[in-house]
Amino acid sequence: MKKIRLATIWLDGCSGCHMSILDMDAKLIEIAQFVDVVYSPYVDTKEFPKDVDLTIIEGALSTDHDLEMIRKIRANSKYIIGLGDCAITGNISAMKNLFGSEAVLERSYGELSDINTSGGYPCKIVPKLLDKVLPLHEVIKVDYFLPGCPTPSEAIYEMLKALIEGREIDMSAYTRFGK
Ligand code: SF4
């Protein structure tokens with residue numbers, strides 16, 4: 001059986017949803033028989049590869065780099081799972097939408113800074129913040145949604161198992177927003 005080329009990425013998220021993937025514990029060994037992890041924070045791959053079968057995305061879109069990445073991922077992924085409430089609604093990541101990017105930068109690099117940044121924000125090398133944090137589906141087509149904060153590991157396992165076996169699954173029994 002050909003292995004599924006699997007990628008995972010976290011954008012503007014806290015990594016909690018990636019911790020949930022690891023929380024599958026021993027079931028990871030079962031899943032690993034059927035997948036090759038070709039890109040992920042768990043492996044040392046620098047470039048997002050071509051011909052990925054399934055990409056799991058944690059986090060919302062907050063920067064110009066996130067937009068660039070998400071378009072590249074969509075172009076090279078057969079299926080995409082939005083993992084967790086940040087990816088699906090913006091959730092915690094989108095709280096800055098209440099204030100705007102300028103206010104957030106001023107708070108971080110001005111008011112709360114331990115050193116004198118002379119009123120300058122990081123603007124070279126680091127990605128530029130978008131004016132508004134966006135959930136994934138506002139920019140790309142998302143094939144599957146796995147809500148939760150974080151998404152329960154059991155839900156990730158059941159979803160992956162169903163995809164590996166090529167069957168449909170109703171995830172409503174396994175997930176809920178904000179859990
Ligand atoms: S949904 Fe919750 S656990 Fe997942 S990345 Fe967002 S804040 Fe973290």
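Side-chain atoms are counted along with the backbone in the values below, which use heavy atoms only and exclude waters and symmetry mates. As the structure lists them, so they are numbered: ligands from 1, and atoms in each ligand from 1. Being a predicted model, the structure only gives us computed values, none of them experimental.
Per-residue contacts place P150 under 4.0 angstrom from the following atoms of ligand 1 (heavy atoms of the residue considered): 3 (S). Remark: ligand 1 atoms within the under-4.0 Å shell around heavy atoms of E58 are 5 (S). Interface of I92 with ligand 1, defined as ligand atoms under 4.0 Å from a residue heavy atom, comprises 7 (S).
Among all non-hydrogen protein atoms, the one lying nearest atom 4 (Fe) of ligand 1 is C17 SG, 2.4 Å. Protein heavy atom in closest approach to atom 6 (Fe) of ligand 1: C86 SG, 2.3 Å. Nearest non-hydrogen protein atom to atom 1 (S) of ligand 1 is D85 N, 3.4 Å. Summary of contacts: the protein heavy atom closest to atom 8 (Fe) of ligand 1 is C14 SG, 2.3 Å. Protein heavy atom closest to atom 2 (Fe) of ligand 1, with residue, atom name and distance, is C149 SG, 2.3 Å.
Using cut-offs of 30° and 60° for the angle between ring planes, the Y79 and Y144 rings count as tilted.
In the hydrophobic cluster analysis, where Ile, Leu, Val, Met, Phe, Trp and Tyr join through side-chain heavy atoms closer than 4.5 angstrom, V142 is grouped together with L67. Linking ILVMFWY residues whenever their side-chain heavy atoms come closer than 4.5 Å, directly or via other members, leaves M95 and L11 in distinct clusters.
Panel note: side chain D64, backbone P127; no donor-acceptor pair is recorded below 3.5 Å.
Of the heavy atoms in N91, only side-chain atoms (C-beta onward) come closer than 4.0 Å to ligand 1.
The cationic group of K72 does not satisfy the cation-pi geometry with F48, failing either the under 6.0 Å distance to the six-membered ring centre or the 45° limit from the ring axis.
Under the 4.0 Å criterion applied to side-chain N and carboxylate O atoms, K96 and E102 are not assigned as salt-bridge partners. The existence of a salt bridge linking R74 and D143 is confirmed by a sub-4.0 Å separation between a basic side-chain nitrogen and an acidic carboxylate oxygen.
Residue contacts with ligand 1 include G148, since one or more of its heavy atoms lies under 4.0 Å from the ligand.
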